[in-house]
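Computed from a prediction, not measured in an experiment: that's the story for all the values here. All heavy atoms count here, side chains included; hydrogens, waters and symmetry mates do not.
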Amino acid sequence: MKKLFITSTLLILLFSCGENRSENKPLIENAVDNTDPSLKGSFGSNRYNDNVIDEIYSALIKNDKKLSALDDKILKVHEEELKVINQYENIFTKSDVYYRDAKNKINSVTDSLLKHQIENEIKLSAGKYDLKVKNIKALISRISKNTETINNLYTVFKIRKTLPEIEKYQNAHPLKTGSLEHFIGKQNQLLNELKNVK
C-alpha cells in the first residue's frame, strides 16, 4: 500500500511539471528561436558537433543578402585557395619524397667513391630545387597568413553579429521561477508525507 501511494504521488508530480511550461515561451521572435530545433536544448551542454554561433549566424544570413554574399565570397576564396595551393603541394611532396628515397638508396651502394659522387649530385640537385621553390613557399606562407587573418576577422564578425541575437533570445525568455517554486512546494509536501508515513 505504501509503495502504491509513493509511486502514484511521484507520477502526479512528474505530470504536473508539464503544466507551467508555457511560462518560458518567447515574448518576441529572434534568430536563436529560428535555429535548428535540435540545438535549442543544447545551450550549456557538451554537444561539440553543434556550433551555436554558426547556427544563429546561418539563421541571420537567410534574411540578409549582404551577409549571404559575404559568406559565399569567403567560402569561394577558401575553395580557390585549396585548389591553388594543392597543385604546388603535390610537386613539393613528390620532390621531397624523391630526395628522401634517393638518400636511402645510397646506403645500398658499396663503392665509397661512387657513393660520395652520387651524394654530391643529389645534394646539388636538392639545393637548386630549394632555391627554385623558395619564393613560391614564401608566397604560399603569405596566403596562409592572409587566410588566418580572414578567418580571425570573420569569426569576430560572426560573434559581434550574433551577440545581440543571443541577448534578444535571453530577453525573450525571461525565465520565470513560478513553475520551479511550484514544483519545490510539491516536493516539500511529498517529503513531509514521507516523513510521517508509518
For [X] against [Y], the heavy-atom pair lying closest together:
X      : Y      : value
Gln87  : Val84  : CG-O, 3.0 Å
Val109 : Lys115 : O-CD, 3.6 Å
Asp111 : Leu113 : OD1-N, 3.1 Å
Ser68  : Ile61  : CB-O, 3.8 Å
Ile53  : Asn51  : N-OD1, 3.0 Å
Ser125 : Tyr99  : OG-OH, 2.6 Å

Polar side-chain atom of [X] near backbone of [Y] as donor-acceptor pair, under 3.5 Å:
X      : Y      : result
Asp64  : Leu60  : no
Asp71  : Leu67  : no
Ser141 : Lys137 : no

(Q) Within a 6.0 Å radius of atom NE2 on His78, are there more than 12 heavy atoms belonging to other residues, nucleotides or ligands? (A) yes
With clusters defined by side-chain heavy atoms of hydrophobic residues (ILVMFWY) lying less than 4.5 Å apart, directly or transitively, does [Y] cluster with [X]?
X      : Y      : result
Tyr98  : Ile91  : yes
Ile85  : Ile74  : no
Val133 : Ile143 : yes

Between [atom1] of [X] and [atom2] of [Y], what distance do you get to the nearest 0.5 Å?
X      : Y      : atom1 : atom2 : result
Leu190 : Lys195 : CG    : NZ    : 10.5 Å
Leu153 : Glu148 : CG    : CD    : 11.0 Å
Asn107 : Glu119 : CG    : CD    : 8.0 Å
Gln189 : Leu194 : CD    : CG    : 11.0 Å
Ile150 : Glu81  : CD1   : CD    : 8.0 Å

Under 4.5 Å between any side-chain heavy atoms of [X] and [Y], yes or no?
X      : Y      : result
Glu121 : Ile118 : yes
Leu191 : Asn188 : yes
Leu70  : Phe157 : yes

Q.
Working note: Ile140 + Phe92, criterion side chain to side chain contact (heavy atoms under 4.5 Å, CB included); need CA distance, chi angles, decisive distance, verdict.
A. CA-CA 12 Å; Ile140 288 173; Phe92 295 160; 3.7 Å; yes
Q) Would you call Lys76 and Glu79 a salt bridge, using N to O less than 4.0 angstrom? A) no
Q: Check step by step if salt bridge (Lys or Arg N to Asp or Glu O under 4.0 Å) holds for Glu80 and Lys83.
A: CA-CA 5 Å; Glu80 191 176 346; Lys83 285 177 190 172; over 6 Å; no
Q | Arg100 and Lys103: CA distance, side-chain angles, deciding distance, side chain to side chain contact (heavy atoms under 4.5 Å, CB included) verdict | A | CA-CA 5 Å; Arg100 186 196 66 215; Lys103 286 175 186 174; 6.0 Å; no
